There are 2 protein chains.
Amino acid sequence: MATTTAEQRRDQAKLDYDAFLDGCPTRELLSRLTDKWVALVISALSGGPQRHGEIAHRIAGVSQKMLTQTLRTLERDGLITRTVTASVPVRVDYALTPLGHELVPVMAAIKTWAEAHMDRVFMARAEFDARAGA
Amino acid sequence: MATTTAEQRRDQAKLDYDAFLDGCPTRELLSRLTDKWVALVISALSGGPQRHGEIAHRIAGVSQKMLTQTLRTLERDGLITRTVTASVPVRVDYALTPLGHELVPVMAAIKTWAEAHMDRVFMARAEFDARAGA
DNA sequence: CAGAATCCCTGTCGATACTG
DNA sequence: CAGTATCGACAGGGATTCTG
């Protein structure tokens with residue numbers, strides 16, 4: 001009955017949790033997920049496991065602090081795994097967990113959306129500013 | 001040829017813009033989109049136009065300042081429209097633009113994901129903390 | 001009812017320097 | 001190479017007050 005119970009619990013959870021409600025834990029989770037660096041890290045790892053340095057190189061301009069901090073949080077939330085290989089220069093690999101992998105389409109969608117509609121947003125801003133300036 | 005030109009420009013943009021690159025304008029747009037309040041506002045408006053007060057009521061706990069600030073930014077970026085009806089008590093309605101409407105699935109996905117996987121994240125955190133504490 | 005403006009505190013984030 | 005620690009600048013964000 002374990003399977004049924006877990007399934008029931010999840011269905012129940014889907015009904016109870018609502019990010020529109022203040023104090024709902026999903027509000028906090030939502031604020032963690034809606035993070036520039038999270039979107040980039042998850043997208044970067046979507047192609048497979050990568051080393052710390054590789055991710056840093058991929059995501060240009062990210063500070064070492066923010067990267068480590070973001071990776072730690074994602075690890076704690078069960079979205080990525082951190083594997084340390086004790087070699088001469090320490091090697092650390094990060095990879096998406098199954099849970100983290102489920103987030104890839106979502107994060108990729110935001111990144112892609114921004115890249116695809118950048119010009120339209122620029123036009124809208126120009127119009128808005130012109131109106132406001134007039 | 002206007003259509004073809006616009007289409008070509010957009011395709012070109014899709015190739016040029018890359019949020020992984022530092023200094024790329026999409027990085028800034030990405031940081032705006034990855035915002036707790038943006039996700040909630042876009043989701044709230046997905047059902048149709050709503051008044052300021054209705055949105056405030058829907059998104060429990062949002063301060064008047066953050067709501068107004070978020071709505072302004074979204075308006076400037078061309079994602080929502082702001083319509084003022086000069087009645088006795090002023091009435092202001094907000095609605096998604098076609099561009100903003102394209103963002104609904106993405107924003108809804110994040111919110112839904114958080115609500116659907118909250119329990120799994122909780123379990124992961126418990127495990128991580130237990131490990132760290134040991 | 002909508003929102004502008006102010007105060008103020010806390011957290012975020014980057015730069016730098018140091019350890020294993 | 002990966003990560004920690006510290007400091008300082010700055011923005012996020014809440015509470016309050018005031019206007020049309």
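This one's a predicted model, so the numbers in the text were calculated from it and none came from an experiment. In the text below, chain A, chain B and the rest are named by the order of the sequence lines, each starting its count at 1.
At a cut-off of 3.5 angstrom, counting only N and O atoms as typed in the model, there is no donor on one side facing an acceptor on the other between the side-chain of A:Q69 and the base of D:dT4.
Taking atom NE2 of residue B:H57 and atom C1' of nucleotide C:dC1, one finds them 15 Å apart after rounding to whole Å. Straight-line distance from the CZ atom of B:R72 to the P atom of C:dG3: 5 Å, rounded to whole Å. Rounded to an integer number of Å, the gap from NZ of A:K36 to C1' of C:dG14 is 11 Å. One atom, CD of A:Q64, and another, P of C:dA17, lie 14 Å apart when rounded to the nearest Å. Rounded to whole Å, the distance from CG on A:L67 to C1' on C:dG14 is 14 Å. Rounded to an integer number of Å, the gap from CE of B:M66 to P of C:dG3 is 15 Å. Taking atom NE2 of A:H52 as the reference point, atom P of D:dA2 lies 6 Å away to the nearest angstrom. Atom pair A:D35:CG and D:dA11:P shows a separation of 17 Å (rounding to whole Å applied).
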Check: What's the verdict on salt bridge (charged side-chain N to carboxylate O under 4.0 Å, His left out) for B:R91 and B:E54, showing C-alpha distance, side-chain angles and the deciding distance?
Finding: CA-CA 11 Å; B:R91 177 194 176 98; B:E54 291 174 328; 5.8 Å; no
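Atom CG of B:D93 and atom NE2 of B:H52 lie 12.0 Å apart (nearest 0.5 Å).
Dashed line: the shortest gap from a side-chain N or O of B:R82 to OP1 or OP2 of C:dA2 is not under 4.0 Å. Close to D:dG3, at under 4.0 Å from its OP1 or OP2, lies a side-chain N or O of A:Y94. For D:dA2, neither phosphate oxygen OP1 nor OP2 lies less than 4.0 angstrom from any side-chain nitrogen or oxygen of A:R91. Put simply, B:R51 has a side-chain N or O that comes within less than 4.0 Å of OP1 or OP2 on C:dA2.
Two residues are said to be in side-chain contact when any heavy atoms from C-beta on lie closer than 4.5 Å; A:E102 and B:W113 meet this criterion.
Between the side chain of A:S87 and the main chain of A:P89, a donor-acceptor pair closer than 3.5 Å is present.
Judged by the 6.0 Å and 45° rule, B:K111 forms no cation-pi pair with A:Y17.
Comparing D:dG14, C:dG14, C:dA2 by their nearest atom to the side chain of B:K65 picks out D:dG14.
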